Amino acid sequence: MRITYYGHSAVMVEVGGKRVLIDPFFDGNPVATTRAVDVHADYIVITHGHGDHIADAESIAKRNDATIIATHELAEYYDWHGHKTHGMGIGGGYNFEFGHVRFTPAFHSSSLELPETKSFIYMGMPAGVIISGKGKSLYHAGDTGLFSDMKLIGELYHPDIAMLPIGDNYTMGPREALIAAQWTGAKTVIPIHYNTFPVIKQDGDLFVAELKKKGINGIALRPGESYLVE
Ligand code: NI
Ligand code: MN
């Protein structure tokens, strides 16, 4: 399993011979070094309907004929827009050709914002996701506050890698993420959802140093960097 971080929560997981993209946010992403037009994906996993997680989903899905994997309402929305989709529910898992996907709870919200009519489209529950394949598993927490069932995620799914938001304001901050890292039991933790905007500015290297004090391997990937899970 190989993981590439593009900044914010956008991540490519190469597993089982397929390219699985999580939360595509490229062209409007101030820290991304990759353009949406250069991204190749077979599947796109979306954790929730906010703009900073879905921005380039439709263009990448269309150009690559990729299947969008998301919770029910999001999947239906993309199905109605002519995309290939696979809808799931929180807590549910499914075996795809590349490996296994399970959606986990996340404490956040999920809606599509329509500024022109000052309204929101309800997009179901926000989620985290566990992607497993070739004996390795990744927990991408999506946007979430800290919740104690992360212990259960650790007990049940033993993630090798956890990608946890540390930006604070919209999600957990570094203090909570440090607890989340311990609860998930992940061997390696990679911080996400920080430094994209001034309001979520954090020190990724300091977070990694705090992880090390707890005996956890941490890596603050820069946008465009990859990590091979061995
Ligand atoms: Ni969000
Ligand atoms: Mn977000």
Side-chain angles (χ1 to χ4, degrees), residues 3-13 20-34 36 39 44-61 68-78 88-90 103-115 118-131 138-147 149-150 153 162-177 180-181 184 189-204 207 220-223:
I3 293 164
T4 303
Y5 182 55
Y6 299 109
H8 207 57
S9 291
V11 176
M12 181 71 77
V13 184
V20 183
L21 178 63
I22 305 173
D23 287 357
F25 180 39
F26 295 93
D27 295 348
N29 180 346
V31 297
T33 56
T34 306
V39 177
I44 302 173
V45 174
I46 301 176
T47 62
H48 65 291
H50 291 158
D52 56 323
H53 298 258
I54 66 163
D56 298 301
E58 290 205 77
S59 72
I60 294 170
I68 295 174
I69 302 170
T71 50
H72 175 72
E73 286 80 1
L74 265 172
E76 286 297 293
Y77 173 83
Y78 288 117
M88 297 177 66
I90 305 287
F103 280 109
T104 71
F107 275 78
H108 193 62
S109 63
S110 180
S111 58
L112 193 68
E113 202 170 331
L114 304 174
K118 293 191 174 65
S119 60
F120 293 97
I121 300 177
Y122 166 70
M123 283 297 185
M125 293 284 282
V129 65
I130 299 169
I131 298 177
L138 161 73
Y139 170 46
H140 181 298
D143 279 5
T144 187
L146 181 64
F147 57 95
D149 274 0
M150 284 181 179
I153 290 171
M163 301 190 88
L164 303 173
I166 67 160
D168 218 338
N169 196 77
Y170 302 112
T171 67
M172 297 187 281
R175 181 181 171 216
E176 295 76 25
T184 61
V189 171
I190 300 171
I192 58 173
H193 211 273
Y194 71 108
N195 286 355
T196 325
F197 314 109
V199 74
I200 57 171
K201 189 166 172 51
Q202 299 293 342
D203 186 337
F207 177 65
L221 289 177
R222 278 19 179 198

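Predicted model, so just to flag it, every value in this text is computed and none were measured. As the structure lists them, so they are numbered: ligands from 1, and atoms in each ligand from 1.
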*With a 4.5 Å heavy-atom cut-off, do Asp23 and His140 have their side chains touching?*
yes
_Rounded distance (nearest 0.5 Å) linking atom CZ of Phe25 with atom OG1 of Thr196_ = 7.0 Å
*Kindly give the atom name of the N, O or S atom of His108 closest to the Ni ion (ligand 1).*
NE2
*Which N, O or S atom name in Asp143 marks its closest approach to the Mn ion (ligand 2)?*
OD2
_Test item: Ile200 and His8 side chains (from C-beta on) under 4.5 Å apart, heavy atoms_ = yes
_So Met12 and Val39, do their side chains get closer than 4.5 Å, heavy atoms only?_
yes
*Quick one: angle Asp52 OD2 - the Mn ion (ligand 2) - His193 NE2, to the nearest 10°?*
90°
*For the Ni ion (ligand 1), which N, O or S atom of Asp143 is at the shortest distance?*
OD2
_Among the N, O or S atoms of His50, which one sits nearest to the Ni ion (ligand 1)?_
ND1
*Kindly confirm whether the Mn ion (ligand 2) is within less than 2.8 Å of some N/O/S atom in His53?*
yes
*Less than 4.5 Å apart, any side-chain heavy atom of Ile22 and any of Leu138?*
yes
*Quick check: does His8 have an N/O/S atom under 2.8 Å of the Mn ion (ligand 2)?*
no
*Decide yes or no for Ile54 and Tyr78: does some side-chain heavy atom of the first lie under 4.5 Å from some side-chain heavy atom of the second?*
yes
